[in-house]
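Worksheet: one structure, shown below.
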Amino acid sequence: MFDQGDFIEKTSEQYFDEENNQFLADRYITGTCPHCSNERAYGDQCENCGTTLNATDLINPKSARSGNVPVLKETKHWFLPLDKYENWLKEWIIEGHKDDWKPNVYGQVKSWIDHGLQPRAVTRDLDWGVKVPLPDTDGKVLYVWFDAPIGYISATREWAEQTGANWETWWKDPETRLLHFIGKDNIVFHCIIFPAMLKAEGSYILPENVPAFEFLNLENDKISTSRNWAIWLHEYLEEFPGKQDVLRYVLTSNAPETKDNDFTWKDFQSKNNNELLAIFGNFVNRALVLTQKYFEGKVPEITGLTEEDKKVIDEIGQFPAKISHSLDLFRFREALAEMMNLARLGNKYLTDNEPWKIIKTDVERVKTVLNISLQICANLSIVAEPFLPFTAQRLADLLNLETLKWKDAGNAEILKPGVLLRNPEYLFEKIEDETIAAQVQKLLDTKISNAASTFKAKPSRENIEFDDFAKLDIRVGTIIEAEKVAKTKKLLKLKIDTGIDKRTVVSGIAEYFEPEAIIGKKVSILVNLAPKQLKGIESQGMILMAENSDGTLGFMSPPEGFVNGSEIR
RNA sequence: GGCGAGGUAGCUCAGCUGGUUAGAGCGCAUGAUUCAUAAUCAUGAGGUCGGCGGUUCAAUCCCGCCUCUCGCUACCA
């Protein structure tokens, strides 16, 4: 792309730390916030007032690395001119994929394009990352969303070299269906930036579809590996040995295809016990046990088909197409449910025909019933494979089947009469309440330890003299009135009995306290703070609050029995 | 603040270009059954389709406003 002149070179001014000889990311610059005068604001944001900043907005900027004053210095960057691809993207996605891309993906791409695309820098000044492979580019690396997609290609290439495959088949062959499975937060990268790169380079194919998923939460909270709010696969495999497919099943049936969804352990248990075990596992077990009991485990032959048998066989034939159709449309939940319907068909067929009853009077009929039931099992071993690969293999083994392909499914002649089946084994086992409780407890524990460990107490501020402290006049007071300040999210207007007088204080605590609930509350109040107008109300003082690690607030309440106006020292 | 997606039975979700009693799975209730890991099969009870207003003979589905959730993005002080 560089050789083709696909990039724009642009020079701009950014803060530079002369001592460390590097450009500073916004995060590495601190200074005084121009809005709230907090002296510890970062170059990208002031954590005191929450304002988003540019590094050049800061008053008295300092480098967080050396403590020195950074200087503005010119730096050169390479930009991908996304605007040049706007028309092409419009044609390709807005017109070309109006009907086959998911609404969330299409909508967001359209929104971006409608707003007009800007050239986007693909390099950064950082001392870590993938270096820019050009002369005189010390200290410059590739922007993560420029180098990550290239990483997908490199990874394919590495895999291909190890396995003797041709990586270009996957990325350049027009016959290849390239699909990007991503989360909704990455839509712009996979639908605009990466395709623009591929298009610019010229010899790559484009994704046929980018079916972005929404987000999966865990027990009602955002999944976060850094907060350890996650289910780690290696732990899962140790704690639930042999249950890979259970997790696959639950994740597929809960997949956030159209909106955010929640993974809960209770749901995991219920899907295992009530669906996988009760419907799928149980049906297979019924068929195998009956065959074992009545025919020494040998597949019986068909002795004659009733109308009902023919109907069932016809239904079996429809499953592969139904399932693959759903898969083609990226409706994985639907495909999975359809697969389970085949097991349901089996259960119903057995119950309707009651082989355990007619065995006493009509052995020939039982042969047919069990043959068809076993054919359903055989079909299951094929159509379950995309969702439950381990189970599919175990089931095939139980049936003494060679590995079969998708095209082998859909008929009732997969198992040959006379074939000896293995002894029945359970495909799934019940997951008990205690097991689930333990997993939930494990998560609760991380939540507790998270709260404790991620909280870093701020370093103490500069020392002050006693006289400085003595200037503060803090008193015991009581809230006697409280109401929300209109058109604000955070503010409550409080009337406080300070013992000296009854005064109005506006306090930013509305997110944590209902007005009615705090009337009568004893508080500590700074009474000699200069009055300030907030939302047109004069606030005369300040209520002292403690702020917890998660941002929640609590009153600094005086002990019981202390009267209004008592001094706090 | 702007944009995008979503808000349908207790839970998870379907509902095509608007049209008789809004569907499925799980859960729940009742009945049947006992080959099967108290599994299965049948039947049933659950929804003013987020709220308000509009278009229409007719709206879950179209339009407007509001509200809540998630994502992208911006900016003022």
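Predicted model only: the values in this text are computed from it and were never measured. Sequence lines set the chain letters: A, B, ... in the order given, protein chains first and strands last, and positions in each chain run from 1.
- The pair A:K367-A:E364 meets the salt-bridge criterion, with a side-chain N (NZ, NE, NH1 or NH2) lying under 4.0 Å from an Asp/Glu carboxylate O.
- Against RNA chain B, the stretch residues 281-298 of chain A makes heavy-atom approaches under 4.0 Å through A:N282, A:N285, A:R286, A:V289, A:L290, A:K293.
- When heavy atoms are screened at a 4.0 angstrom cut-off, A:I359 is found touching no nucleic acid atom at all.
- Salt bridge annotation for A:K271-A:D267: present, with a cationic side-chain nitrogen under 4.0 angstrom from a carboxylate oxygen.
- A syn orientation is assigned to B:G46, its glycosidic angle lying within 90° of 0.
- Candidate nucleotides B:U34, B:A39, B:G15 were compared by shortest atom distance to the side chain of A:R331, and B:G15 ranks first.
- Summarising the geometry, the separation between CD1 on A:I182 and P on B:A5 is reported as 16 Å, rounded to the nearest angstrom.
- Nucleotide B:A39 holds its C1' atom 11 Å from the CG atom of A:N273, rounded to whole Å.
- Nearest nucleotide to the side chain of A:K357, out of B:U34, B:A5, B:A39: B:U34.
- To the nearest whole angstrom, the two C1' atoms, one in B:G47 and one in B:C28, are 16 Å apart.
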What string of B, S and - do you get for nucleotides 63-72 of chain B, 5' to 3', if B is base contact, S is sugar-phosphate-only contact and - is no contact with any protein heavy atom under 4.0 Å? -------BSS

Symbol by symbol from the 5' end, with Watson-Crick or G-U pairs under 3.5 Å, [ ] crossing and | another strand, RNA chain B is (((((((..((((.....[...)))).(((((.......))))).....(((((..]....))))))))))))....

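- Of the candidates B:A5, B:C13, B:G25, B:G25 carries the atom nearest the A:E275 side chain, counting heavy atoms from C-beta on.
- Sorted by first and then second residue, the side chain to side chain donor-acceptor pair (under 3.5 Å) pairs with a member in residues 382-395 of chain A read A:D245-A:T391, A:Q393-A:D397, A:R394-A:E425; sequence neighbours excluded.
- Taking atom C1' in both B:G6 and B:G44, the straight-line distance is 32 Å, to the nearest Å.
- Atom C1' of B:G19 sits at a distance of 12 Å from the matching atom of B:C61, rounded to the whole Å.
- Separation of the C1' atoms belonging to B:C57 and B:U43 is 38 Å when rounded to the nearest angstrom.
- In this structure, of B:G6, B:U37, B:G4, it is B:U37 that holds the atom nearest to the side chain of A:Y426.
- Rounded to the nearest Å, the gap between the P atom of B:A5 and that of B:A58 is 29 Å.
- The distance between atom CD of A:E338 and atom C1' of B:A14, rounded to the nearest whole Å, is 12 Å.
- For A:Y143, the side chain to side chain donor-acceptor pair (under 3.5 Å) criterion is met by A:R120, not counting sequence neighbours.
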Name each donor-acceptor pair under 3.5 Å that joins a side chain in residues 104-111 of chain A to protein atoms two or more places apart or in another chain, with its distance.
{"from": "A:N104", "atom 1": "ND2", "to": "A:E214", "atom 2": "OE2", "distance (Å)": "2.7"}
{"from": "A:Y106", "atom 1": "OH", "to": "A:I94", "atom 2": "O", "distance (Å)": "2.6"}
{"from": "A:K110", "atom 1": "NZ", "to": "A:D114", "atom 2": "OD2", "distance (Å)": "3.0"}

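- For A:N285, the side chain to side chain donor-acceptor pair (under 3.5 Å) test picks out no residue, with sequence neighbours left out.
- Centroid-to-centroid, the aromatic rings of A:Y152 and A:H180 stay 6.0 Å apart or farther.
- The cationic group of A:K199 does not satisfy the cation-pi geometry with A:F194, failing either the under 6.0 Å distance to the six-membered ring centre or the 45° limit from the ring axis.
- Within the 4.0 angstrom heavy-atom criterion, no nucleotide atom of any strand lies near A:D114.
- Under the side chain to side chain donor-acceptor pair (under 3.5 Å) criterion, A:N282 pairs with no residue, sequence neighbours left out.
- Here the side chain of A:L277 is nearest to one of B:U12, B:G7, B:U37, namely B:U37.
- Residue contacts for A:A337: at a heavy-atom cut-off of 4.0 Å it reaches no nucleic acid atom on any strand shown.
- Remark: A:V122 pairs with A:F7, A:W78, A:L80, A:F146 by the side-chain contact (heavy atoms from CB on, under 4.5 Å) rule, at least two apart or across chains.
- Applying the side chain to side chain donor-acceptor pair (under 3.5 Å) criterion to A:K348, with sequence neighbours excluded, gives A:D352.
- At a threshold of 4.0 angstrom between heavy atoms, the contacts of A:L345 with the nucleic acid are absent.
- The side chain of A:N274 places no N or O atom within less than 4.0 Å of a non-bridging phosphate oxygen (OP1 or OP2) of B:G25.
- Checking the phosphate oxygens (OP1, OP2) of B:C11, no side-chain nitrogen or oxygen of A:K271 falls inside 4.0 Å.
- Summarising the geometry, the separation between CG on A:N261 and C1' on B:G25 is reported as 14 Å, rounded to the nearest angstrom.
- For the pair A:L336 CG and B:C26 P, the computed distance is 13 Å after rounding to whole Å.
- Not counting sequence neighbours, A:E86 has no partner by the salt bridge (charged side-chain N to carboxylate O under 4.0 Å, His left out) test.
- B:G54 and B:G1 have their C1' atoms separated by 27 Å, given to the nearest Å.
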Please list, one pair per line, the donor and acceptor atoms closer than 3.5 Å that link side chains of residues 428-437 of chain A to other protein atoms, with sequence neighbours excluded.
{"from": "A:E429", "atom 1": "OE2", "to": "A:K243", "atom 2": "NZ", "distance (Å)": "3.0"}
{"from": "A:D433", "atom 1": "OD1", "to": "A:Q269", "atom 2": "NE2", "distance (Å)": "2.7"}

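- Using a 4.0 Å heavy-atom criterion, one finds that A:P103 contacts the sugar-phosphate atoms exclusively.
- We find that CG of A:L350 is positioned 12 Å from C1' of B:A39, with the value rounded to whole Å.
- Side-chain proximity of A:W356 to the nucleotides B:G27, B:U34, B:A14 is greatest for B:U34.
- Nucleic acid contact for A:F428: base, since at least one base atom lies under 4.0 Å from a heavy atom of the residue.
- As rounded to the nearest Å, B:C49 and B:G23 have P atoms that lie 14 Å from one another.
- Atom-to-atom, CD1 of A:I279 to P of B:U37 comes out at 17 Å; the value is rounded to the nearest Å.
- For the P atoms, the distance linking B:G53 with B:G46 amounts to 27 Å, nearest Å.
- Regarding contacts with the backbone of B:U12, every side-chain N or O of A:S270 stays at 4.0 angstrom or more from both OP1 and OP2.
- As rounded to whole Å, 18 Å separates atom P of B:C3 from atom CD of A:Q118.
- The backbone N or O of A:R333 sits less than 3.5 Å from a side-chain atom of A:E257, completing a donor-acceptor pair.
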